[in-house]
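Keep in mind that the numbers below use all heavy atoms, side chains included, and drop hydrogens, waters and symmetry copies. Chain letters run A, B, ... following the sequence lines, proteins first, then strands; residues in each count from 1.
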Amino acid sequence: MGSSLRIVNGRVYDPANGVDGEVRDVCIRDGKIAADAPPDAKRIDAAGMVVMPGGVDIHCHIAGPKVNLARKVQPEDHRYDVHPRTRVTRSGTGGSVPSTFATGYRYAGLGYTTAMEAAVTPLGARHALEELHDTPVIDKGFYVLVGNNVLLYRLLQEGRLEEFRNALAWWIKVTKAYAPKLVNPGGDELWKGQRNANITSLDDKIGPFELTPRKVIAGFIEAATALGLPHPVHIHCNNLGHTGNVATTLETMRLAEGRRTHFAHVQFNSYGPAAGKSQTNPTSGAREIAEFVNTHPNISADVGAVMFGRSTIMTGDAPLAYMLRQFGGTKWVNADTENESGCGIVPFTYQDRVYTNAMQWAVGLELFLLSQDPWRMVFSTDHPNGGSFVTYPRLIRLLMDREFRKARMAEVNQKALDRSGLRDLSREYSLNEIAIVTRAGPARLLGLTRKGQLGVGADADVTIYEEDPDKEKMFSAPRYVIKDGELIIEDHEFRVDHEGRLLHVAPDFDPGIEQVIEPFFEDFYTIRFANYAVDDRYAPHHEIIPTAPQAAGARP
Amino acid sequence: MSLAFTLRTPPTVPLEAEVLTPARLAGLSAPEAAKLSVVHGNERADLGEFFQVQGTADGGGAGEFRLTGDLSRVKHVGAGMADGRIVIHGSVGMHLGAEMTGGEIIVEGDAADWVGPEMTGGRIVIKGNAGHMVGAASRGSAVGVRGGEIVVFGNTGNEAGHGMRRGLVAIGGDAGDFAGVSMLAGTIVVLGSLGWRAGAGMRRGSIVTMHPVELLPTFSYACTYAPLYLRLLLARLRRLGLPVADAQVSGRYQRWSGDAVELNKGEVLILEA
Amino acid sequence: MTEVMTLIGGRSSKQGTALCAGKLAPEYIELTSVVEMNVEDMARLGLSNNSKVRLRTPVGEAVLRCKGRETKDLPSGILFMVYGPMTTQLMAGDTAASGMPISKNIDVEVEPVPEAGTGT
Amino acid sequence: MSENLKFVPHATCTFCGCVCDDMDLTVDMDEKRITKAENACVLGKAWFREHGIEQRPYALIGGREATTAEGVEEAAQILARARFPLIYGLSDTTCEAQRVAVAIADMIGGTVDTTTSVCHGPSGIAFETVGESTASLGEIKNRADMVVFWGGNPAEAHPRLFSRYAVTPKGMYIPNGRKDRTVVLVDVRRTMSTPVADIFLRVKPRSDFEVLWALRALVKGRRVDPSIERRTGVSLAVLEDLVARMKSCRYGAFLFGMGLTMTRGRHFNSGALLALTTDLNEFTHWVAKPVRGHGNVTGADNVVSWQTGFPFGVNFSRGYPRFNPGEFTTVDLLARGETDAILILASDPAANFPKAAIEHLKRIPVISLDPKTTLTSQLARVAFTTATYGINVGGTVYRMDDVAITLRPAFESPYPSDEEILSAIRDRVRALLGGNRVPAVAPAVAAAS
């Protein structure tokens, strides 16, 4: 941390500070961006190179119980993608669900320095933290699954809204999570309790509860807003993956009523009704979704683009995984977590000749190209659901290089392409826009003020790419990666190992809420209440990002 | 004269020698071949530390080479080979001809587990016994042999032809349990007896046996007949040296369909006594 | 007189508690030296409780004390004993590419062992 | 008994895979002994009672008393020198120690394998073939109205599986506990567990696969040959009745034991059960759960999986993880005489491995870490005495359903923890090798086969 660096002659892209490709020095001192560096600071000559803040992934699946099941279930996917150790780094395996070490090194190897695991059950938090601890280089955090939580449902159903808000804060804090996550709200109760049924609309009754997804979603948006979390409720909508789901998605977006809300991997929720003779082949709903997001500044989304090839469906949305089982081959994993969640896993391959897969690919690109505010429609493949994060450089090229995109379009299912709007879009992303959707935007949406930017005082997470007309090549292997001011990758090689930080929030709550929660544990959990909260040993390096009231110095 | 390798110093721990393919040896002199890298346990070593190398590689294209000695700790011989020929005088270790696409391997001895896993072409002939997983899928993978032939004169262990999709596995002796488990297509011929639970979960494909066997309760008797393709196949196996009797070539076979828990489009043919 | 029977290795709660005290303690050694057998099989073989019996497989053999169990609990032809130094003597090392040696339902030859002084 | 008592509530028992975290312990701090373990089962009581502090040398090198530091030096020398070293065991220790054990295997280019390979390893192989519908134990408590135990004897091996999780407890949708559940038990003999069942199916030894396969066919509406009764001891009518019940329950759960994994058919037996579970989900909700053995064997599975991508039997000799049961699993490596040094962490293979494997253990340098003297420690070149996890050492353990729990140790031990010894060995090996051993040969053609 003590070392200093001066990066000279590079073209700097720092959209958060209005820097768009200027050649200027970037200085680093004590792990932070500084105004100047001492004369003896190590110099990196970045002539012919592009300097950006480290990438920030707002939505991926890299650690925790379901990820480990997905790893274990497909040894055949690891065999041909091994990650050998070096003198200083650990070995691992890749494939669509890499081992923890390979995950950290490969993110770093693409110039990413922060990533958010998007779905962890509270009961799985300890496990997720153990894995994140073994995920090197990057800073990381996770979103905790609360959208099917039985006790929270009971409080909401009984109109005990203050207790609901306190219990939500408790759950986020004791699990060391970064944000609340809703997945297919209401779906788990039907899946587990009603013979594998599922929610089909926002007004379905949720099993034995006097609740609907509409009530649940609105309740969480309200509570999270009141808590002033740095990142708002992160929603995986109902009917994900289903033809015609664009209507459900728009209805859900309207529930936000002006309050900040984030919609995950919206590509999977942007399908229009079936086209032609088919009952199931979706049309594209990208334009409607993009328009809604464009005109509603409270709404943000990550795209969840689909990239052809091997992927793994892994989701808290168990009924969805069961539906996809018929396309995935022989393996299917389902895992129920008491009182909290469901989970499904299916190995999957997206094929460019298959109508639905080609449509999904097109919808993802359309969303990017129709978005008018790159700060609110940010980059993701919902790794590994839409494709592995190692496909990011290719996705960047698809956005930046019209000719490349056209050539790829010629190879996919043409019927699907005809029914998408992709042929009409000629837009190309600029490097500045790429810097926004991959770094500055996600950091801002996460409320990470010291990430995604290179202003004085920012975390010295910096990536330096060699300029290349082939943007896939350029973004595949940065020449230098600096994390917390340390030169991790130099001339494409790892020089040192590094352990990143856990990023989490600790919202305040009325301690009296524990008297409401504890009896429920005694009755319905199989772990004692006293053993549930995760202690600090699981986050040896961590940073608490304050909530709005905490930042303002207020204590309720 | 072709290259000839004689095991001089038996490895004390497993030796991985995927360099032993005709393509990798093409055009090399004996001293050059001796310098090729192998992995001895967790260290790199020269092939020549273990083998005495004589002769020169055949000129032009993939040639033939010989290995002599007890190679039962030498793994991956011929892995990934595409053409040429390997003759092994002695026993050989695991993963012989793994994922090979063409060419031929002859073993004048026994072979350990995983002979020709996930191969797509070529031929492997084992004159002795072979271990488990002959022509099988690797763990987690649904597809084993995708093409080519494996002929074992002796017995094999469990899971021969696990998940095979095309090609032939012929066994002169007895097969272990779960022969042809989860097979997708292709043919397994067993001149000796089948172990337990042959063809469990098979979708398509044929398993042929010359001895009575009790199948899983999800197989059902269809008919008794003398399939022509089998006659041709058995005649060919006889030419390859397997002890196929006339009565087997001309015999009538009970056809059992299965596995009913899957597509029920596979068959087990049992020679009628 | 020898017969082939099926040996099941397993755990018992007594073994579990004795294990905590230590595997080298007499109690544990005693527990792992007893084989349970159907009483009718025992009678046929001329065995009674605490008689010595030799179990043999192609890889090795073990001499144990036998203990009778009723037919409703343990069918004829089946033996049960808790895992321990004795069962290891009977297990083959081949795992059939699974990592797992066959530890339950092992075919064993069963032969009564004459007690010292009474046999040949 | 002294007056110096300490009360440790909410402690966790690590004897079996139930990993119950509701132990309220009373500790005699003068005698360094747990005098009472409230809520513990008979096995748990013995576990807590018998793990006091024994007077043993910190380490033995070749049978001679030594310091821990001397043991570490000798162990590091052995491991750094070995060409095919193996690290085995891992199930009776914390995840923190397991992480270091895997790190050492990676650094030296060795192999790491856990007791999973001789426990539910076959179920792991089955999982890789067909997947698994599963649940945390609380879902079984809250929802399961039908529970099928197959090939296990929980009454003697996992007593609280019945009382705390799956048979008698009341749950959210099981208000009357036992009365609201149909309990089925399948085994080849009557055991202490049999009386718990409403329906007991006695199957002939080695016929579980046929029974499961027949059930799969019946669930799918396919024909099953009536010869099933002669072969398995269970009639077609009984199987049809069972299938009708399984299809009509609301939430069904299989809990299966080593009666499936340790007998002929091994991974295919487990695979048939997991496939049956999948088939049943066409009709209603079903889950399956292998009943895991030693305290933290599930943690070992998880740690090895997240660090390497594979659950057990992982070899690093080429510089990256490779997985292949039968090739890189301990019984095989020993029985074939391929490994040239072994570190055995918290397990006792000399007491339960096949004869051929034990004979090889006697030929190579063995390093053992164990709180007690065992058959394995007796034949070790270096034998460390360690503190007992859960009793003297804190850390993380995983329940059989993958739920992680933090331990609450009761009193201190003078002996170091596994993690401390392993970390010291790792640091010393690193110094001897100058960092990770980096292999000079590119990945093989068939990388992990």
Side-chain angles (χ1 to χ4, degrees), chain A residues 63 65 67-69 71-76 78-80 82-93 95 97-102 123-124 126-127 130-131 134 150 191-193 195-196 322 330-339 345-346 523-528 530-531 534-535 537, chain D residues 9-10 12 21-22 95 99 103 106 124 127-139 141-143 164-165 171-173 250-251 278 281 283-285 287 301-302 305-311 316 318-321 323 396 398 402-406 434-436 438-439 443 447-449:
Chain A
V67 175
N68 220 23
L69 286 171
R71 271 186 201 110
K72 265 197 276 193
V73 82
Q74 34 192 350
E76 76 284 7
H78 303 312
R79 292 173 68 214
Y80 298 100
V82 295
H83 193 95
R85 62 178 171 264
T86 68
R87 273 284 163 221
V88 294
T89 58
R90 293 281 303 271
S91 73
T93 51
V97 192
S99 64
T100 54
F101 296 110
L123 199 51
R126 199 173 269 113
H127 177 168
E130 283 206 290
E131 286 198 20
D134 274 350
V150 172
W191 169 250
K192 295 190 280 199
R195 300 177 186 272
N196 299 351
Y322 187 71
T330 54
K331 305 180 199 183
W332 167 64
V333 176
N334 170 72
D336 306 336
T337 302
E338 59 209 65
N339 311 312
I345 299 164
V346 181
D523 290 341
F524 302 123
Y525 271 90
T526 50
I527 177 172
R528 278 216 170 160
N531 288 328
V534 179
D535 67 51
R537 281 174 291 183
Chain D
H10 322 301
T12 294
D21 72 330
D22 58 344
C95 291
R99 284 155 75 167
D106 192 4
F127 173 73
E128 293 165 349
T129 310
V130 297
E132 176 180 65
S133 174
T134 190
S136 73
L137 290 168
E139 286 295 24
K141 163 186 145 123
N142 282 332
R143 296 178 186 272
R164 189 166 191 238
Y165 304 109
M172 193 173 292
Y173 301 103
R250 200 173 57 220
Y251 190 110
T278 299
N281 273 284
F283 303 92
T284 185
H285 202 82
V287 297
D301 271 29
N302 274 300
S305 293
W306 82 57
Q307 292 210 351
T308 73
F310 309 113
F316 295 97
R318 301 288 296 240
Y320 48 84
F323 165 75
T396 312
Y398 283 62
D402 294 312
V403 170
I405 292 174
T406 308
N436 296 328
V438 179
S449 65

**Prompt:** Donor-acceptor pair, D:Asp106 side chain versus A:Arg90 backbone, under 3.5 Å?
**Reply:** no
**Message:** Do A:Lys192 and D:Tyr173 have side chains that approach each other closer than 4.5 Å (heavy atoms only, starting at C-beta)?
**Reply:** no
**Request:** For residues D:Gly309 and A:Ser99, report the shortest heavy-atom separation together with the two atoms involved.
**Result:** N-CB, 3.9 Å
**Item:** Side chains of A:Phe101 and D:Gln307 in contact at under 4.5 Å (non-hydrogen atoms)
**Value:** yes
**Prompt:** Does the D:His10 side chain pair with the main chain of A:Ala530, one donor and one acceptor, at a distance under 3.5 Å?
**Reply:** no
**Side-chain (D:Thr134) to main-chain (A:Ala335) donor-acceptor, under 3.5 angstrom** = no
**Asked** Short question: side chain of A:Thr100, backbone of D:Trp306 - any donor-acceptor pair under 3.5 Å?
**Response** yes
**Prompt:** Where on D:Phe127 is there a heavy atom nearer than 4.5 Å to chain A: the side chain, the backbone, both, or neither?
**Reply:** both
**Message:** So for A:Tyr525, is it side chain, backbone, both, or neither that comes closer than 4.5 Å to the heavy atoms of chain D?
**Reply:** backbone
**Prompt:** Just by distance, do the side chain of D:His285 and the backbone of A:Trp191 share a donor-acceptor pair under 3.5 Å?
**Reply:** yes
**Prompt:** Taking all non-hydrogen atoms of both residues, which atom of D:Asp402 and which atom of A:His127 are closest, and how far apart?
**Reply:** O-ND1, 4.4 Å
**Message:** Can you confirm whether A:Lys72 sits close enough to D:Asn302 that some side-chain heavy atom of one is under 4.5 Å from a side-chain heavy atom of the other?
**Reply:** yes
**Engaged part of A:Pro65 at the chain D interface, taking heavy atoms whose separation is under 4.5 Å** = neither
**Message:** Working to the nearest 0.5 angstrom, can you tell me the gap between D:Thr396 OG1 and A:Glu130 CD?
**Reply:** 4.0 Å
**Asked** For A:Ile345, is it the side chain, the backbone, both, or neither that has a heavy atom closer than 4.5 Å to a heavy atom of chain D?
**Response** neither
**Message:** For D:Thr308, which atoms come within 4.5 Å of any heavy atom of chain A: side chain, backbone, both, or neither?
**Reply:** backbone
**Asked** If you count heavy-atom pairs under 4.5 Å with chain A, which of D:Val438, D:Thr406, D:Ile405 comes out on top?
**Response** D:Thr406
**Item:** Segment of A:Thr93 engaging chain D (4.5 angstrom heavy-atom cut-off)
**Value:** both
**Item:** Atom pair CG (A:Asn196) and OG (D:Ser133), whose distance is rounded to the nearest 0.5 Å
**Value:** 8.0 Å
**Pick from A:Val150, A:Thr337, A:Thr89, A:Val67 with the largest number of heavy-atom pairs that fall under 4.5 Å of chain D** = A:Thr337
**Message:** Could you check whether any side-chain N or O of A:Asn334 sits under 3.5 Å from a backbone N or O of D:Val287, counting only pairs where one atom can act as donor and the other as acceptor?
**Reply:** no
**Fill in**
So CG of D:Asp22 and CG of A:Asn531: to nearest 0.5 Å the spacing works out to 9.0 Å
**Item:** Distance, nearest 0.5 Å, that separates CG of A:Asn339 from NZ of D:Lys141
**Value:** 9.0 Å
**Request:** Against chain D, work out which of A:Glu131, A:His83, A:Arg195, A:Glu76 has the most heavy-atom pairs shorter than 4.5 Å and name it.
**Result:** A:Arg195
**Request:** Answer yes or no: is there a donor N or O on one side and an acceptor on the other, between the side chain of A:Lys331 and the main chain of D:Glu128, under 3.5 Å?
**Result:** yes
**Message:** Using a 4.5 angstrom heavy-atom cutoff, name the option from A:Leu123, A:Asp535, A:Ile527 with the most pairs to chain D.
**Reply:** A:Ile527
**Prompt:** Looking at A:Arg71, A:Arg126, A:Arg87, which makes the most heavy-atom pairs under 4.5 Å with chain D?
**Reply:** A:Arg87
**Message:** Among D:Tyr251, D:Tyr398, D:Phe316, which residue has the highest count of heavy-atom pairs closer than 4.5 Å to chain A?
**Reply:** D:Tyr398
**Item:** Note, A:Arg85 side chain near D:Pro439 side chain (heavy atom, < 4.5 Å)
**Value:** yes
**Side-chain donor-acceptor contact under 3.5 Å, D:Asn142 with A:Glu338** = no
**Item:** Minimum side-chain heavy-atom gap A:Val82-D:Arg318 below 4.5 Å
**Value:** no
**Fill in**
chain D shares the most heavy-atom pairs under 4.5 Å, among A:Val346, A:Val333, A:Val88, with A:Val333
**Request:** Provide the closest heavy-atom pair for A:Ser91 versus D:Gly319 in the form atom of the first, atom of the second, distance.
**Result:** CB-O, 3.4 Å
